[in-house]
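Step one of this worksheet: look at the structure below.
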Amino acid sequence: QSDAKSYAQSQFHGEPDKGYSSLWRLLLKCSRGSAAPLHEAPAVSAAAHQIRDDAGMSSTTPFTSYEQAREQHRWEVPERYNIAVDVCDRHPRGKLAMIHEDFQGRIREVSWGELQDDSNRFANVLRSRGVEPGDRVAMLLPPTPETAAAFFGVWKAGAILLSMSVLYGDEGIRHRVNDSRPKVLLTNAANAGRIERDLVEHLLVLDEELLGHGSTTFEPVDTSAEDPAQLYYSSGTTGLAKGILHAHRYILGHEEFIYC
């Protein structure tokens, strides 16, 4: 992908390492910091419960060694589980979810209520385009609060998220879209021209007008922990990138923000 470096410079103002994955790392961290009382929080693991308090995560750990932590750890995966319900909807609406700074230095504080409303709006937009549980929804977006809300909206609709970095070359994007056959592809105005229109049924641009068409009320699909949630692709260094499908339960394995 010969144009990747120059495109990264244009998208991230000389800082391509501030890429798309930083948003996902933030969502994982948010999912582990609940303001709800412990008994109301979804099960993660027995050991994880020991080091969380009612305000979120405890600043200390009861473990004195790796061996002790491993011995006490137990996986607890509920039968019914939805990433968006766990990571987004269970938080108090007025609680701060993230502080976002764009590349012009503008700083914005985003509450969980804003993410809950915008994710419901986008879930309703997907329904209006005929998206049903199991359908793929692709995204080619920079890391913003609206992108985070769109992630949640996909999972609330029971669809499968394919998130693509804006740093991908056009060939890499084309292969992933052609292989996964998403019903909807969501991007922004800066990247819309990179998508071949005949590859996807609905090409949407994420902006205020799009979200304005959706209601802030949406009943999330009651997904199983085993239902598919996210489609990743391998790097493609030895051939074409290959799809890797993850179920909703996979996020429960991300306990690095508890133990570290």
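Position 1 is the first residue of the sequence; numbering continues from there. FYI, side chains are in, hydrogens and waters are out, and symmetry mates aren't considered; it's all heavy atoms of this structure.
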Count the heavy atoms of every other residue, nucleotide or ligand shown that sit under 6.0 Å from [atom1] of [X], and state whether that count exceeds 12.
X	atom1	result
Glu132	CD	yes
Glu101	CD	yes
Glu208	CD	no

For the residue pair [X] and [Y], confirm or rule out a side-chain donor-acceptor distance under 3.5 Å.
X	Y	value
Tyr233	Asp179	yes
Ser224	Glu79	no
Thr216	Asn120	no
Ser111	Lys95	no

Could you check whether any side-chain heavy atom of [X] comes within less than 4.5 Å of a side-chain heavy atom of [Y], counting everything from C-beta outward?
X	Y	result
Ile107	Ile99	yes
Ile173	Val177	yes
Phe218	Lys156	yes
Glu67	Ser65	yes
Leu186	Phe122	yes
Met139	Phe151	yes
Pro142	Val166	yes
Arg181	Arg136	yes

Identified side chain to side chain contact (heavy atoms under 4.5 Å, CB included) partner of Pro145 from the options Glu109, Glu114, His100: His100
salt_bridge([X], [Y]) N-O dist < 4.0 Å:
X	Y	value
Arg108	Asp102	no
Arg174	Glu196	yes
Asp118	Arg121	yes

To the nearest 0.5 Å, tell me how far [X] [atom1] sits from [Y] [atom2].
X	Y	atom1	atom2	result
Gln116	Thr217	CD	OG1	12.0 Å
Asn191	Met164	CG	CE	9.5 Å
Tyr168	His175	OH	NE2	10.5 Å
Glu201	Lys183	CD	NZ	5.5 Å
Ile251	Ile83	CD1	CD1	5.0 Å
Leu203	Arg129	CG	CZ	11.0 Å

Give me the atom names and distance for the closest heavy-atom approach of [X] to [Y].
X	Y	value
Ala225	Pro78	CB-O, 3.2 Å
Arg194	Gly169	NH2-C, 3.8 Å
Ala241	Ser234	CB-O, 3.2 Å
Ala159	Val131	CB-CG1, 3.8 Å
Asn124	Gly214	CB-CA, 4.2 Å
Ile160	Leu231	CG2-N, 3.9 Å

Shared hydrophobic cluster for Val221 and Leu162 (ILVMFWY, side-chain gaps under 4.5 Å): no
Path from Val85 to Leu252 over hydrophobic side-chain contacts below 4.5 Å: no
So, does [X] use its side chain to make a donor-acceptor pair with the main chain of [Y] at under 3.5 Å?
X	Y	value
Arg74	Glu71	yes
Trp155	Ala229	yes
Thr147	Pro143	no
Arg90	Asp86	yes

Verdict with reasoning, Arg249 to Asp227, per salt bridge (charged side-chain N to carboxylate O under 4.0 Å, His left out): CA-CA 8 Å; Arg249 60 177 166 78; Asp227 286 341; over 6 Å; no
Stepwise side-chain contact (heavy atoms from CB on, under 4.5 Å) check, Val200 with Val184: CA-CA 6 Å; Val200 64; Val184 170; 5.6 Å; no
Ring geometry between Tyr250 and His246 (parallel below 30°, tilted from 30 to 60°, perpendicular above 60°): tilted
Tyr81 and His248 aromatic ring geometry - parallel, tilted or perpendicular at 30°/60° bounds: perpendicular
Test side-chain contact (heavy atoms from CB on, under 4.5 Å) applied to Leu115 and Val110, step by step: CA-CA 8 Å; Leu115 292 180; Val110 183; 4.0 Å; yes
Verdict with reasoning, Leu141 to Glu146, per side-chain contact (heavy atoms from CB on, under 4.5 Å): CA-CA 9 Å; Leu141 291 166; Glu146 289 72 27; over 6 Å; no
Stepwise side-chain contact (heavy atoms from CB on, under 4.5 Å) check, Leu211 with Val125: CA-CA 7 Å; Leu211 292 178; Val125 168; 5.5 Å; no
